[in-house]
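A short write-up of the structure that comes next.
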Amino acid sequence: MAQERDVRPPAGAPASPPAEHDEIDQWRRRIDLIDGQLMSLLNSRSACAVEIGRIKRRLGLPVYSPEREAWILERVMRDNPGPLDPMAVKRVFERVIDESRRLERLAADGPEPASGPGGDGKGD
């Protein structure tokens, strides 16, 4: 989960009224919670990419799917409610997609699944 942070101003920073610090602290705590949610969602998305990479390996499909990536970028830019501008959303998702593709590639290039008890290569 989100870690508590030391939100005291650095030494020599101008002092703000305590109420303003409390307000900033509340927003920072909210950001920390959102960061935890983002981490969970990004890891869930990454787990999906790993599974897709394994399936692509099994089917002999390439990892890179430019049509799919273009479709995702168009969709997130179109459906973006703001305040991030569409190009900012595109840049964020380009990075997420890059990392997903990396994980897919690792899964697709990885060792074949271990044989199950019957030795048929199908696992459980």
Side-chain angles (χ1 to χ4, degrees):
M1 270 310 210
Q3 296 178 351
E4 289 294 321
R5 298 177 187 226
D6 183 4
V7 293
R8 291 176 288 178
S16 301
E20 289 180 16
H21 282 292
D22 290 343
E23 187 176 4
I24 291 171
D25 289 348
Q26 289 173 8
W27 283 109
R28 285 180 175 162
R29 281 191 294 275
R30 184 170 178 191
I31 286 173
D32 290 345
L33 291 172
I34 293 168
D35 287 349
Q37 293 171 332
L38 284 171
M39 182 68 64
S40 178
L41 291 170
L42 288 169
N43 279 300
S44 293
R45 190 185 195 287
S46 296
C48 292
V50 168
E51 290 305 315
I52 289 170
R54 290 178 181 152
I55 294 167
K56 285 180 176 179
R57 176 185 63 204
R58 194 170 63 237
L59 298 175
L61 297 173
V63 168
Y64 181 54
S65 178
E67 299 84 15
R68 169 71 178 160
E69 291 182 18
W71 180 84
I72 291 169
L73 294 173
E74 289 170 16
R75 179 179 51 89
V76 297
M77 289 173 63
R78 180 187 65 240
D79 295 346
N80 170 35
L84 286 174
D85 66 73
M87 291 309 293
V89 169
K90 181 181 180 187
R91 286 189 301 272
V92 168
F93 272 84
E94 283 173 335
R95 190 66 185 126
V96 169
I97 290 168
D98 285 346
E99 287 302 315
S100 294
R101 190 181 327 111
R102 184 184 68 80
L103 290 172
E104 273 190 43
R105 189 168 286 117
L106 289 172
D109 293 343
E112 288 298 316
S115 296
D120 60 3
K122 294 181 181 176
D124 292 327

Arg68, CZ atom: more than 12 neighbouring heavy atoms under 6.0 Å: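 No.
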
Glu23 atom CD, over 12 foreign heavy atoms within 6.0 Å: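 No.
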
Atom pair [atom1] ([X]) and [atom2] ([Y]), whose distance is rounded to the nearest 0.5 Å:
{"X": "Asp25", "Y": "Asp32", "atom1": "CG", "atom2": "CG", "value": "10.0 Å"}
{"X": "Leu73", "Y": "Arg91", "atom1": "CG", "atom2": "CZ", "value": "12.0 Å"}
{"X": "Cys48", "Y": "Leu103", "atom1": "SG", "atom2": "CG", "value": "11.5 Å"}
{"X": "Arg105", "Y": "Tyr64", "atom1": "CZ", "atom2": "OH", "value": "10.0 Å"}
{"X": "Arg29", "Y": "Ile31", "atom1": "CZ", "atom2": "CD1", "value": "11.5 Å"}

Lys56 side chain to Leu61 backbone, donor-acceptor under 3.5 Å: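 Between the backbone of Leu61 and the side chain of Lys56 there is no qualifying donor-acceptor contact (under 3.5 Å).
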
[Y] side chain reached by [X] side chain, heavy atoms, under 4.5 Å:
{"X": "Val92", "Y": "Val89", "value": "no"}
{"X": "Val76", "Y": "Glu94", "value": "no"}
{"X": "Arg45", "Y": "Ser100", "value": "yes"}

Derivation of the salt bridge (Lys or Arg N to Asp or Glu O under 4.0 Å) call for Arg101 and Asp98: CA-CA 5 Å; Arg101 190 181 327 111; Asp98 285 346; 3.4 Å; yes

Same cluster (ILVMFWY, side-chain, under 4.5 Å), Ile97 and Leu84: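 Yes.
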
Cluster link Ile55 to Val63, ILVMFWY, side chain under 4.5 Å: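 Not linked; separate clusters.
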
Side chain to side chain contact (heavy atoms under 4.5 Å, CB included) partner of Lys90, chosen from Glu74, Arg95, Met77: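 Of all the options given, the one that passes is Met77.
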
Heavy-atom closest contact (Ala107 atom, Val50 atom, distance):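 Smallest heavy-atom distance, with atoms named: CB-O, 3.4 Å.
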
For Met39, side-chain contact (heavy atoms from CB on, under 4.5 Å) partners two or more places apart: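 Residues passing side-chain contact (heavy atoms from CB on, under 4.5 Å) with Met39: Asn43.
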
